[in-house]
2 protein chains.
Amino acid sequence: MAGRSGPVRPSLTREQVLAAAAALVKQHGPGALTMRKLAAELGTAVTSIYWHVGNRESLLEALVERTVVELGAITPRGRTPAARVVSVARALRRRLLDHPHLIAMVHERGLTERMFQPAARALVDEVHAAGLRGAPAAEAVRAVLFQAVGFVLVERNRARSPVQRPGEQELWDIQGAGEGADDPALARALARGPQPDKLFTVSVRALVDGLLNTPPSTPPKASPRTSESTPPSAPPSTPPSAP
Amino acid sequence: MAGRSGPVRPSLTREQVLAAAAALVKQHGPGALTMRKLAAELGTAVTSIYWHVGNRESLLEALVERTVVELGAITPRGRTPAARVVSVARALRRRLLDHPHLIAMVHERGLTERMFQPAARALVDEVHAAGLRGAPAAEAVRAVLFQAVGFVLVERNRARSPVQRPGEQELWDIQGAGEGADDPALARALARGPQPDKLFTVSVRALVDGLLNTPPSTPPKASPRTSESTPPSAPPSTPPSAP
DNA sequence: ACCTGAACACCGTTCAAGT
DNA sequence: ACCTGAACACCGTTCAAGT
């Protein structure tokens with residue numbers, strides 16, 4: 001009936017397979033993606049899927065790759081380089097938290113570095129603006145990346161199993177009764193569990209301060225010059241491209 | 001022959017099962033631990049194992065718990081509180097790196113917090129010595145813990161897949177050719193890949209400096225009360241036991 | 001109290017065969 | 001070029017039955 005003059009509907013597309021798989025993963029995590037369920041969902045034989053995507057692992061890889069691309073670039077916000085670095089870290093965290101399964105999948109496949117890319121580009125500019133160059137600059141960039149991604153990994157992990165085993169409560173009560181008993185406010189704060197948003201911001205801020213204020217083994221005073229292009233520790237070669 | 005007057009050898013012990021399982025995991029990771037292989041290794045029927053340990057998941061849980069306990073306490077080293085905090089972080093990282101599979105297993109089971117415990121206890125003392133109290137102190141402790149564990153997670157992940165997908169090399173070459181082209185040393189450093197040991201130390205040091213020097217939004221001079229036990233940034237309370 | 005084999009309900013993947 | 005069912009080699013787990 002409906003126009004049979006050509007291969008109008010190729011029946012099953014690689015696109016369709018990816019879409020259906022993405023839906024399954026989004027709902028119940030990658031563990032729930034089984035080739036047989038996927039086939040059922042699509043109304044085809046299991047083996048058809050293999051023709052389109054090779055096998056389960058490359059299917060998952062394709063999904064990860066696609067999602068990573070979707071995350072897109074990161075544009076820093078704020079006035080000082082330090083503030084802008086912090087904003088990049090926070091944006092990165094936001095993106096990762098928005099795709100709860102993605103981070104585990106990327107992690108399991110060793111693609112963490114791949115996911116760094118957009119943020120890394122942004123960070124390079126900022127540490128430059130802060131006056132760092134060369135290897136120390138690279139170190140600062142990586143320190144922030146490791147910090148942000150590592151934090152989210154720990155954070156996500158915590159969220160995954162809300163019931164802590166020995167009961168965080170008790171653990172810190174015991175602690176409170178021991179040598180550190182003179183600081184009940186601390187014991188309470190630890191027992192309450194972390195406030196990830198705040199903790200993240202505080203951590204990154206502290207790290208960035210430490211990194212930018214201390215060009216390894218040189219005086220900490222960053223000079224207040226702040227012409228628009230290259231303020232503090234007077235980088236030698238900030239030449240060409242226009243502001 | 002050898003004394004048969006009692007249940008000398010109960011044939012199969014929970015201990016034996018755990019030991020054999022631990023061996024399998026140690027060699028090829030938790031993925032390699034299959035109930036059937038384990039049974040073969042032990043020379044028993046698969047179902048006997050179930051009698052002793054319940055099922056695969058609780059078997060793994062027991063393994064994790066046991067290993068976490070083995071890790072033991074952490075004793076800070078160094079003169080200033082900052083240095084001692086850094087030493088705790090480094091000790092924690094060492095332990096985690098020594099049990100490469102453990103960290104993934106703990107992570108997957110949401111027991112990260114559990115693993116924090118020994119290091120956390122040590123850190124509480126140190127931030128106290130640095131003059132922090134209450135909630136900010138708790139925040140500092142957690143910031144360091146998240147930093148250390150997160151770092152190792154990222155680091156381990158990287159080690160697991162030495163071949164990076166888009167080729168870190170190329171990625172940073174392109175970057176080098178773009179806007180950041182004026183800093184070839186940085187491009188080279190990034191393309192070379194991180195030196196985890198150094199990066200970790202630098203990161204933690206920066207974080208700790210940032211945390212201990214800046215009690216969030218209050219004048220940096222700590223020690224309002226602190227009676228005899230806590231002057232600001234001198235290590236005061238090196239407590240009871242011998243020097 | 002401890003061990004067993006058989007059986008169930010799942011997997012991912014391959015292959016020869018269809019159109 | 002695309003789809004198919006049958007089959008293989010694995011899983012974890014349960015159960016009724018042995019001693």
Report the distance from atom [atom1] of [X] to atom [atom2] of [N], rounded to the nearest whole Å.
X	N	atom1	atom2	answer
Asn55(A)	dC11(C)	CG	C1'	14 Å
Tyr50(A)	dA7(D)	OH	C1'	14 Å
Ile49(B)	dT13(D)	CD1	C1'	12 Å
Leu59(A)	dT13(C)	CG	C1'	14 Å

For Glu57(B), salt bridge (charged side-chain N to carboxylate O under 4.0 Å, His left out) partners two or more places apart: Arg109(B)
Produce the list of close N/O pairs, under 3.5 Å, pairing protein atoms with atoms of nucleotides 17-19 of chain C; give distances to one decimal.
none

Taking only residues two or more places apart in sequence, or in another chain, which ones meet [X] in a side-chain contact (heavy atoms from CB on, under 4.5 Å)?
X	answer
Ala45(A)	Thr47(A), Ser48(A)
Val17(A)	Leu12(A), Leu38(A), Leu42(A), Ile49(A), His52(A), Val53(A), Leu59(A)
Val144(B)	Val85(B), Ala89(B), Leu123(B), Leu207(B), Val208(B), Leu211(B)
Ala185(A)	Asp183(A), Arg188(A)

Per atom distances to the Ser11(B) side chain, the nearest of dC3(C), dT13(C), dC11(D) is dC3(C)
Could you pull out all residues at least two apart from Tyr50(A) that satisfy ring-ring contact (aromatic ring centres under 6.0 Å, His included)? none
Sorted by first residue and then second, give each side chain to side chain donor-acceptor pair (under 3.5 Å) pair with at least one member in residues 17-46 of chain B; sequence neighbours left out. none
Under 4.0 Å between a side-chain N or O of His52(A) and OP1 or OP2 of dA1(D)? no
Result block: side-chain N/O donor-acceptor pairs under 3.5 angstrom for residues 92-104 of chain A, not counting sequence neighbours:
unit_1, atom_1, unit_2, atom_2, d
Arg93(A), NE, Glu155(A), OE1, 3.0
Arg93(A), NH2, Glu155(A), OE2, 2.7
Arg93(A), NH2, Asp197(A), OD1, 3.1
Arg95(A), NE, Leu71(A), O, 3.0
Arg95(A), NH2, Ala73(A), O, 2.7

Members of residues 36-48 of chain A that approach DNA chain D, where some heavy atom sits under 4.0 Å away: Arg36(A), Thr44(A), Ala45(A), Thr47(A), Ser48(A)
Should the ring pair Phe146(A) and Phe151(B) be called parallel, tilted or perpendicular, given that the plane angle runs from 0 to 90° and is split at 30 and 60? tilted
Do the side chain of Arg142(A) and the main chain of Leu190(B) share a donor and acceptor less than 3.5 angstrom apart? yes
Map every base of DNA chain D to its dot-bracket character, where paired means a Watson-Crick or G-U wobble contact with both distances under 3.5 Å and | marks a partner outside the strand. ||.|||||...|||||.||
On DNA chain D, check which nucleotide each of Trp51(A) and Met35(B) is closest to and give me the residue with the more 5' one. Trp51(A)
Salt bridge (charged side-chain N to carboxylate O under 4.0 Å, His left out) contacts touching residues 12-22 of chain A (sequence neighbours left out): Glu15(A)-Arg66(A)
